[in-house]
Asker: 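Dropping the structure in here first, questions after.
As the structure is a prediction and not an experimental result, all values here were calculated from the model.
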There are 2 protein chains.
Amino acid sequence: MVGVELPKARQVYLVLRERIANGGLNAGDTLPGEQALAGEHNVSRVTVRRALAELEREGLIDRRRGAGTFIALQNAVKPVVADLADVLSNLIAMGRSTDVRLLAFSYQDAPAMVADALRLVKGERVQRSVRVRIVDGEPFSYLTTHVPERIGVTYTEPELASKPLLALLERSGVSVDRATQEISAVLASPEAAAALNVDIGSALIALTRVVYDGKGRGVEHLHALYRPDRYAFRMDLARTGRNGGRRWSPVENGHAEAGTTKGSETQAGNAREERGKRR
Amino acid sequence: MVGVELPKARQVYLVLRERIANGGLNAGDTLPGEQALAGEHNVSRVTVRRALAELEREGLIDRRRGAGTFIALQNAVKPVVADLADVLSNLIAMGRSTDVRLLAFSYQDAPAMVADALRLVKGERVQRSVRVRIVDGEPFSYLTTHVPERIGVTYTEPELASKPLLALLERSGVSVDRATQEISAVLASPEAAAALNVDIGSALIALTRVVYDGKGRGVEHLHALYRPDRYAFRMDLARTGRNGGRRWSPVENGHAEAGTTKGSETQAGNAREERGKRR
DNA sequence: TTTAATTGTCTACATTATAATACAACATGA
DNA sequence: TCATGTTGTATTATAATGTAGACAATTAAA
């Protein structure tokens with residue numbers, strides 16, 4: 001049973017990061033001393049120091065010998081905030097350069113989950129592709145798509161790497177009509193972590209979208225993973241008329257806000273690259 | 001720099017769990033032998049066995065001596081899928097029993113992030129509360145709310161533990177009008193992990209909602225953490241008219257589907273409780 | 001200046017994780 | 001029955017991680 005626990009240094013790191021982000025600690029505040037932190041968390045000072053070193057490397061804190069440890073001034077690297085409907089359009093509208101790398105492309109039997117969602121007969125063949133979308137030189141989404149073979153054959157591998165999948169589907173005569181999507185959270189698997197340049201086991205936003213044509217047949221199964229530090233789903237809600245109903249309705253928000261802070265981005269970006277290389 | 005890495009056993013565990021969930025492995029399939037897995041992942045067989053032991057404890061696989069390791073039949077404990085607008089209403093509509101525990105309640109200076117979102121003067125006092133919502137006996141959301149002091153004083157601590165916050169706000173004359181919410185993913189901090197009965201460092205869905213009154217003043221800042229195995233945000237989208245626009249519009253879905261499988265829930269629930277107790 | 005508190009550094013040791021190997025117990029199919 | 005491959009168990013060795021304590025360097029305040 002032992003062996004799958006998190007190292008203590010990482011636990012302390014997590015707790016402190018949480019306190020800095022949401023725990024009511026403001027920029028410039030003084031953190032408790034290493035000795036005190038060691039006591040609070042029931043670990044040795046050396047372990048606390050490892051956690052603090054990681055936080056310092058990410059630019060969240062400043063440590064000054066003799067003085068103490070302080071919360072860094074511009075610690076919040078705000079993610080790009082975009083509407084839930086169409087990520088790509090929003091990014092382009094923000095004037096960002098996007099690029100795609102095709103990591104895998106094959107035809108195979110449909111996994112049970114996909115066959116179920118697309119309403120295929122079990123084992124029907126599908127086209128599977130894995131792509132990484134790169135925005136402004138940094139990877140930020142890891143896309144796994146499954147498309148029924150009969151539709152997949154209407155476009156080629158290089159086309160998939162250069163054009164949006166939805167456009168390819170429409171070109172082949174499919175009427176893209178309706179979709180269902182779910183948002184969840186997962187830990188980064190080694191493959192996804194490598195592609196997105198984050199640590200294995202870090203948190204990722206998971207989005208699963210199933211697209212149907214006019215007749216209700218599934219035409220695309222998309223499983224997307226996003227870096228939460230680079231992206232967040234945002235929606236505006238308005239209270240629905242009936243009083244006491246206590247319900248919200250989604251509101252079309254004209255354009256998404258670009259939320260990435262200029263100054264801090266480069267710094268955090270570099271720190272992250274180091275982290276990725278260290279193995 | 002060392003000390004915050006994930007143990008190899010946990011990395012292998014993550015990979016295998018990912019493959020079981022989304023990697024095209026179906027129920028009943030045979031996993032590669034421990035020796036083979038050790039080779040694939042460049043770790044020793046002992047390490048692979050630790051990862052497998054964890055998966056077995058969670059009911060995802062069956063191991064039979066002499067025979068092999070198999071994917072458990074009913075492994076997919078589907079989360080409760082609900083609409084993004086109003087979680088609580090959906091749960092009640094599903095006929096589920098919900099309960100609330102109040103973990104913290106205090107008045108304090110507003111953290112920078114909250115003050116910013118609610119458009120308060122920095123350091124203005126706010127009421128902070130931490131609640132855990134329990135559905136069908138299992139904790140599934142961890143809510144941290146900040147409300148401006150002038151509004152917070154209109155209700156009492158026990159009221160907060162028994163009535164929805166939005167109802168309390170309206171009772172005090174606040175016109176709840178508009179909200180913005182963002183969905184992201186975070187790792188479970190020790191506090192959240194303990195409250196939600198999951199492992200430290202597991203992935204959680206993070207939702208931040210800021211509610212405004214008719215005059216655009218912030219009246220509530222909600223930070224919610226959900227267990228992804230118990231919950232997922234779902235939305236239905238329809239293609240917007242203009243052809244080539246390639247945009248989606250949210251669709252009101254009348255009622256959310258209850259997605260929890262009866263049989264598997266108890267089993268997985270028990271496994272999880274064990275996990276929570278082991279420390 | 002003095003004093004106390006802080007971070008930085010170092011050493012020695014204990015505990016835990018991982019690796020490599022061998023062998024037993026069991027299942028399966030030839 | 002037998003050969004083969006599997007999981008279960010044990011042993012040993014090495015590496016990684018955590019602990020404890022002491023001391024130096026620096027800061028800030030008394």
Asker: In degrees, rounded to 10°, what is the bend between the two ends of the helix from C:dT1-D:dA30 to C:dA30-D:dT1, using five pairs at each?
Answerer: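 That helix gives 30° between its end axes.
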
Asker: Without hydrogens or angle criteria, can the side chains of A:Tyr107 and A:Glu149 be said to hold a donor-acceptor pair below 3.5 Å?
Answerer: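 No - no donor-acceptor pair under 3.5 Å links their side chains.
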
Asker: Would you call A:Asp109-A:Arg125 a salt bridge at under 4.0 Å N-O?
Answerer: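 Here A:Asp109 pairs with A:Arg125 in a salt bridge, since their nearest N and O are under 4.0 Å apart.
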
Asker: Sort me out a list of protein N/O and nucleotides 10-12 of chain C N/O pairs below 3.5 Å, or just none if empty.
Answerer:
none

Asker: Can you work out whether B:Val48 or B:Arg45 has the more 5'-proximal nearest nucleotide on DNA chain C?
Answerer: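 Whichever sits nearer the 5' end wins; that is B:Val48.
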
Asker: Excluding sequence neighbours, so at least two apart, what forms salt bridge (charged side-chain N to carboxylate O under 4.0 Å, His left out) with A:Glu40?
Answerer: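 So A:Glu40 forms a salt bridge (charged side-chain N to carboxylate O under 4.0 Å, His left out) with A:Arg19.
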
Asker: Please tell me if the side chains of A:Arg17 and A:Leu14 come closer than 4.5 Å, counting only heavy atoms from C-beta onward.
Answerer: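 Of all side-chain heavy-atom pairs linking A:Leu14 with A:Arg17, at least one is under 4.5 Å.
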
Asker: Nearest-Å distance, CG (B:Leu52) to P (D:dT7)?
Answerer: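 My rounded result for the distance is 8 Å.
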
Asker: Quickly work out the B:Gln11 CD to C:dA17 C1' distance and round it to whole Å.
Answerer: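 From B:Gln11 CD to C:dA17 C1': 13 Å.
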
Asker: For A:His221 and A:His146, take the angle between the two ring planes, folded into 0 to 90°, and tell me which bin it lands in: parallel under 30, tilted 30 to 60, perpendicular over 60.
Answerer: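 The rings of A:His221 and A:His146 stand perpendicular, inter-plane angle above 60°.
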
Asker: Figure out the NZ/P separation between A:Lys8 and C:dT16, and round it to whole Å.
Answerer: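 Rounding to the nearest Å, NZ of A:Lys8 and P of C:dT16 are 8 Å apart.
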
Asker: Using only heavy-atom distances, determine whether the side chains of A:Tyr13 and A:Glu18 contain a donor-acceptor pair under 3.5 Å.
Answerer: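 No, because no side-chain N or O of A:Tyr13 sits under 3.5 Å from a partner of the opposite role on A:Glu18.
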
Asker: May I ask you to check whether over 12 heavy atoms, not counting those of A:Arg101, lie within 6.0 Å of atom CZ?
Answerer: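 Counting other residues, nucleotides and ligands, CZ of A:Arg101 stays at 12 neighbours or fewer.
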
Asker: Rounded to whole angstroms, how far apart are CG on B:Leu6 and P on C:dA17?
Answerer: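 Taking atom P of C:dA17 as the reference, CG of B:Leu6 is at 14 Å.
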
Asker: Using 30° and 60° as the class boundaries, would you call the ring planes of A:Phe233 and A:Tyr226 parallel, tilted or perpendicular?
Answerer: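 Rings of A:Phe233 and A:Tyr226: perpendicular, as their planes differ by over 60°.
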
Asker: What string of B, S and - do you get for nucleotides 1-6 of chain C, 5' to 3', when a contact is any protein heavy atom under 4.0 Å?
Answerer: ----BB

Asker: Just the rounded figure in Å: distance from P of D:dT7 to CG of B:Leu55.
Answerer: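 In whole Å, D:dT7 P and B:Leu55 CG are 13 Å from each other.
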
Asker: Mind checking salt bridge (charged side-chain N to carboxylate O under 4.0 Å, His left out) for B:Arg63 and listing every partner two or more places apart, or none if nothing turns up?
Answerer: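 Expected list: B:Glu34, B:Glu56.
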
Asker: By salt bridge (charged side-chain N to carboxylate O under 4.0 Å, His left out), which residues pair with B:Glu191, not counting sequence neighbours?
Answerer: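 Partners of B:Glu191 under the salt bridge (charged side-chain N to carboxylate O under 4.0 Å, His left out) test: none.
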
Asker: Out of D:dG18, C:dT18, D:dT7, which has the shortest distance to the side chain of A:Thr47?
Answerer: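 The answer is D:dG18, which lies nearest to the side chain.
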
Asker: Nearest to the side chain of A:Arg49 - D:dT19, D:dT7, C:dT7?
Answerer: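 Of all the options, the side chain of A:Arg49 is nearest to C:dT7.
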
Asker: How many Å lie between CG on B:Leu37 and C1' on D:dT6, as a whole number?
Answerer: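 It works out to 12 Å between those atoms.
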
Asker: Output the rounded distance in Å from CZ (A:Arg10) to P (D:dG18).
Answerer: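 Rounded to the whole Å, the gap is 12 Å.
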
